[in-house]
Every structure is written in C-alpha cells, then in structure tokens.
Protein chains: 2
Amino acid sequence: MTRRRPVASTAKTGLRRRAASPARAEKLNKLTLGQLDYHLGYVLRRLQIWVFQDFIQTLATMKVRPAQYSVLLVIEANPGRSQAAIGQTLGIERARLARLLHELERRKWISRRASGSDARSHCLHLTADGEKALVRIKSLAAQHEARLADHVGAKRRTQLMELLRDFG
Amino acid sequence: MTRRRPVASTAKTGLRRRAASPARAEKLNKLTLGQLDYHLGYVLRRLQIWVFQDFIQTLATMKVRPAQYSVLLVIEANPGRSQAAIGQTLGIERARLARLLHELERRKWISRRASGSDARSHCLHLTADGEKALVRIKSLAAQHEARLADHVGAKRRTQLMELLRDFG
DNA sequence: TATTGTTATACTCTATAACTATA
DNA sequence: TATAGTTATAGAGTATAACAATA
C-alpha cells in the first residue's frame with residue numbers, strides 16, 4: 001500500500017494511512033511491484049483491503065464486522081430461513097456461521113426459533129432491537145459506500161459495480 | 001464456500017452459478033442478497049475469494065501462498081532491498097513479514113545479507129534455488145491467471161485490470 | 001445414510017506490544 | 001529519540017473433523 005492520498009474525503013474524515021507518517025517515510029524510495037502489476041487478483045485485493053479497513057473503521061461504533069453485516073442483511077431480506085440457507089447464500093461455513101449467530105443472538109439482534117417442518121433447523125429472524133440497530137448500521141454502511149465512491153471515483157465505482165455484479 | 005471448479009464451458013458462456021454445487025443443493029431455493037448487491041465491497045470480495053482459492057489450489061504443489069508469491073516477485077524486481085522497503089511496498093506488517101521471510105529462508109529461496117550502510121537492516125535476494133523455483137511458480141501463476149480470465153471472461157478481465165491498476 | 005447445528009482444533013492473516021541493536 | 005528486525009499474543013476468517021439429534 002502506501003499510495004493513495006489525493007481524495008478529499010480522507011483528509012476530511014481523518015481516515016488513516018498505513019505509513020501514516022509525515023513525508024519522512026518517503027525516504028524509502030518506492031519499489032516496483034514487478035509482475036504483480038499484471039495479476040488481477042493483486043489489484044483486486046489491494047482495493048478489497050482498503051474497503052474492509054474503511055468498513056470496519058466506519059462501523060466501529062456499532063462493533064459490526066463485514067461478515068456480521070452481510071448476515072444481518074440476508075436475514076432481513078429472507079426472514080425465517082435456516083442457517084444452512086443463509087450460510088450457503090453467503091458462502092460462510094456452517095461451523096463459523098454458528099458462532100457468528102451466537103454473537104448476534106447474545107446482542108439480542110436476532111432470534112432462532114424452532115422450525116415446524118424440520119426439528120433440526122432454526123428459523124432466523126431479526127428482533128425489534130435488531131431492526132433498530134440495523135437502521136443505524138445501514139446509515140454507517142452508506143457512509144462507507146460514499147467514501148469508497150470518493151476513493152475510486154464515482155464513475156469508476158459504477159463501472160466496477162456493473163462488471164462485477166452480474167457475472168455471478 | 002463450496003463452489004469452485006472453474007470449468008471452462010461455464011466460463012465461456014458466462015453463466016456460472018454461485019451455489020455451483022451438485023444440483024441437489026438447489027433444493028434450498030436461492031435466497032436474495034438484499035442490499036448487499038449494492039455494495040461494491042461485497043461483489044469485490046466474492047471475486048477476491050474465488051481468486052485466492054484458485055490461486056492457492058493452483059500453486060498447492062509448490063506450497064506457495066499469495067503473500068509469499070507477492071514477496072518473491074517484489075524481491076526479484078528489487079534485489080538487495082530491506083525488509084522495511086518490501087513490507088511497505090506490499091502493505092505487509094514487519095512482524096508478519098519477518099515470519100514469512102523466515103519460512104522462505106528455511107526453504108532456501110531467499111537470503112538475507114548484512115547491509116553495509118546500515119547494520120540494522122538486511123538486504124534481501126533470491127537464491128539460485130529461489131530463482132529456479134520462481135520459474136515454476138510463475139508458470140503455475142500464469143495458469144491461475146488464465147483460469148481467472150476464463151472465469152470472468154477475457155474482456156471483463158481486461159476492463160477490470162484497467163479500472164483497478166492505475167488509480168493507486 | 002444424509003443433513004442441521006454444534007463444538008473443537010489448526011492454520012493464515014491482521015494488529016499490537018515489547019524487546020534488541022543499532023542509528 | 002527513532003528505526004530495523006524479532007518475538008509474542010490475541011482476534012478474525014477459513015478449513016476440518018467429530019458429534020448429537022433428526023430426517
């Protein structure tokens with residue numbers, strides 16, 4: 001990392017820099033990335049790291065991680081579904097999802113009800129508290145998304161969205 | 001995850017299914033992603049996960065992880081530089097880089113020589129073994145890249161590359 | 001037999017802090 | 001006082017395996 005800088009909003013919001021330091025870090029002249037520059041996976045990952053770091057920081061006040069956020073949204077959009085269905089949709093291992101849901105349940109944001117049709121599975125729902133929290137969470141997520149648009153440029157964000165959204 | 005297996009034919013048609021799995025998994029009717037679909041970070045991450053999994057699998061015979069690969073390429077392109085410089089270029093914490101280099105050194109792929117100008121720092125170089133291994137590694141990485149192009153489509157890959165490479 | 005959810009283990013990656021030896 | 005490198009710890013994410021209850 002170490003590049004990045006221009007964007008107005010980063011200064012405004014006091015984002016965070018990796019090297020952070022004041023121009024003195026520039027002492028180490030920049031190295032070339034070599035053939036790394038020709039790997040889509042690498043440039044993809046650099047942006048992805050930026051996104052996660054900004055997301056985590058933006059939602060720090062609610063202590064919500066990306067995976068938790070994705071689970072909350074999918075439960076909201078598909079109330080009453082099982083852990084297996086949620087996990088499969090998001091690509092989260094059932095073992096990991098069990099622990100993740102445990103935490104969300106502890107916070108009273110979701111409930112697991114017994115399923116009438118299959119005694120093995122649980123029906124997942126947001127609680128009233130969960131819905132209330134999600135309003136605030138979505139607002140913060142929107143701030144993050146705006147900052148991302150600012151980081152890559154609104155037009156580039158739209159283009160990336162179109163390229164990535166529909167090939168799945 | 002569960003999907004994977006970038007079969008050529010599906011990539012060619014651009015169809016691809018997320019659940020990918022053996023048709024029986026279709027039993028669980030597909031859930032909607034809700035507002036997740038409007039987060040660039042999410043779609044970015046899905047592809048990024050695919051890339052890493054394919055990369056790791058493709059380079060499994062050489063037991064090379066993405067981070068190790070990136071370090072090898074940057075050392076190759078910038079021989080004699082310090083750990084600090086490498087780490088800063090790639091955005092890898094110096095603590096983590098130290099362990100990572102330890103492993104590469106154990107495998108005789110890199111060497112750390114004392115720096116003449118600063119007794120604190122090490123100069124990093126590929127060994128002859130390292131250069132030889134890197135030939136094989138790059139060949140596997142190229143296979144991975146080709147599979148990625150097949151997965152997203154060659155044209156889309158190029159477009160993504162252009163959008164992501166130069167805004168840093 | 002297969003699936004749902006659970007617990008447990010192990011490994012990678014990230015983020016710190018503390019330490020040394022230099023500068 | 002700051003930097004280069006090391007070691008240690010803790011947390012998240014990923015990947016397994018094993019288990020009980022149920023299908």
Side-chain angles (χ1 to χ4, degrees), chain A residues 1 16 18-22 24-28 45 48-53 55-57 59-60 63-71 81-88 90-105 110 112-124, chain B residues 1-4 21-22 24-25 27-28 45-46 48-53 55-57 59-60 63-71 81-88 90-103 105 110 112-124:
Chain A
M1 217 56 88
R16 56 84 233 359
R18 180 185 320 277
S21 43
R24 188 143 39 60
E26 312 292 358
K27 220 180 37 183
L28 307 166
R45 174 156 169 73
Q48 216 267 301
I49 289 173
W50 190 98
V51 168
F52 260 37
Q53 288 189 339
F55 185 95
I56 291 166
Q57 192 167 314
L59 280 86
K63 287 201 172 49
V64 172
R65 309 271 308 181
Q68 296 173 316
Y69 177 67
S70 69
V71 168
R81 308 308 301 263
S82 69
Q83 296 184 197
I86 302 288
Q88 203 157 16
L90 285 171
I92 300 177
E93 280 298 321
R94 65 184 205 257
R96 164 151 170 66
L97 185 59
R99 288 191 304 265
L100 193 156
L101 291 173
H102 216 79
E103 171 63 14
L104 295 180
E105 203 175 18
I110 66 156
R112 306 196 227 198
R113 305 177 194 162
S115 164
S117 57
D118 188 336
R120 292 171 302 181
S121 66
H122 303 159
C123 296
L124 302 175
Chain B
M1 222 32 114
T2 316
R3 40 110 202 62
R4 113 101 54 320
S21 47
R24 185 145 39 62
K27 220 181 36 183
L28 307 166
R45 176 156 169 72
R46 294 304 291 227
Q48 216 268 300
I49 289 173
W50 189 98
V51 168
F52 260 37
Q53 288 191 339
F55 185 95
I56 291 167
Q57 191 167 312
L59 280 86
K63 286 201 172 50
V64 172
R65 310 270 309 179
Q68 295 173 316
Y69 176 68
S70 69
V71 168
R81 307 309 301 263
S82 69
Q83 298 184 194
I86 303 287
Q88 202 158 17
L90 285 170
I92 300 177
E93 279 298 321
R94 65 187 206 251
R96 166 152 169 64
L97 185 59
R99 286 191 305 266
L100 194 157
L101 291 173
H102 216 79
E103 171 64 14
E105 202 175 18
I110 65 157
R112 307 195 226 198
R113 305 177 194 161
S115 165
S117 57
D118 188 333
R120 294 172 302 181
S121 67
H122 303 160
C123 296
L124 302 175

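Order of the sequence lines sets the chain letters (A, B, ...), proteins ahead of strands, with each chain counted from 1. Excluded from the calculations below are hydrogen atoms, water molecules and symmetry mates; all remaining heavy atoms, backbone and side chain alike, are included.
The CD1 atom of B/I92 lies 10.0 Å from the CD atom of B/Q68; values are rounded to the nearest 0.5 Å. Here the CZ atom belonging to B/R46 is positioned 6.5 Å from the CG atom belonging to A/L90, to the nearest 0.5 angstrom. Rounded to the nearest 0.5 Å, atoms CD (A/E105) and CG (A/L124) are 9.0 Å apart.
Nearest approach of A/A114 to A/C123, heavy atoms of both residues: O-SG, 4.4 Å. Between A/R81 and A/I86, the shortest heavy-atom contact is CB-CD1, 4.4 Å.
Checking the phosphate oxygens (OP1, OP2) of D/dT14, no side-chain nitrogen or oxygen of B/Q53 falls inside 4.0 Å. Side-chain N/O atoms of B/Q83 include none lying less than 4.0 angstrom from OP1 or OP2 on D/dT3.
We find that CG of B/L124 is positioned 11 Å from C1' of D/dG5, with the value rounded to whole Å. We find that CZ of A/F52 is positioned 20 Å from P of D/dG11, with the value rounded to whole Å. When the C1' atom of C/dT3 is taken as reference, atom CD of A/Q88 falls 11 Å away, rounded to whole Å. Summarising the geometry, the separation between CD1 on B/I56 and C1' on D/dG13 is reported as 12 Å, rounded to the nearest angstrom. If you take CG of A/L100 and C1' of D/dT14, they are 13 Å apart, rounded to a whole angstrom. Counting to the nearest Å, the P atom of D/dG5 and the CG atom of B/L101 are 9 Å from each other. Rounded to an integer number of Å, the gap from A/E93 CD to D/dT16 P is 8 Å. Going from atom CZ of A/R81 over to atom C1' of C/dT4 covers 14 Å, rounded to whole Å.
In terms of polar N and O atoms assigned as donor or acceptor, the side chain of A/R96 never comes within less than 3.5 Å of the base of D/dG13 in a complementary pairing. With hydrogens and angles ignored, a donor-acceptor pair under 3.5 angstrom links the side chain of B/R120 to the base of D/dT3.
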- Test side chain to side chain contact (heavy atoms under 4.5 Å, CB included) on A/H102 and A/R112 and set out the steps. CA-CA 10 Å; A/H102 216 79; A/R112 306 196 227 198; 3.4 Å; yes

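Counting only heavy atoms from C-beta on, A/S121 has its side chain closest to C/dG5 among D/dG13, D/dT14, C/dG5. For B/R112, the side-chain atoms get nearest to D/dT6 when compared with the rest of D/dT16, D/dT6, D/dA18. Nearest to the side-chain atoms of A/R45 among the listed nucleotides C/dT6, C/dT14, C/dT16 stands C/dT14. Here the side chain of B/A119 is nearest to one of C/dT12, C/dT22, D/dT6, namely C/dT22. Residue B/R94 has its side chain nearest to C/dA18 when only D/dT7, C/dG5, C/dA18 are considered. When each of C/dG5, D/dT16, D/dA4 is scored by its nearest atom to the side-chain atoms of A/A84, the top-ranked nucleotide is C/dG5. Among D/dT7, C/dT7, C/dT4, the nucleotide with an atom closest to any side-chain atom of B/A98 is D/dT7.
The residue among A/D118 and A/A95 whose nearest nucleotide of DNA chain C is located toward the 5' end is A/D118. Two residues, A/H122 and A/R99, neighbour DNA chain C, and the one matched to the more 5' nucleotide by heavy-atom proximity is A/H122.
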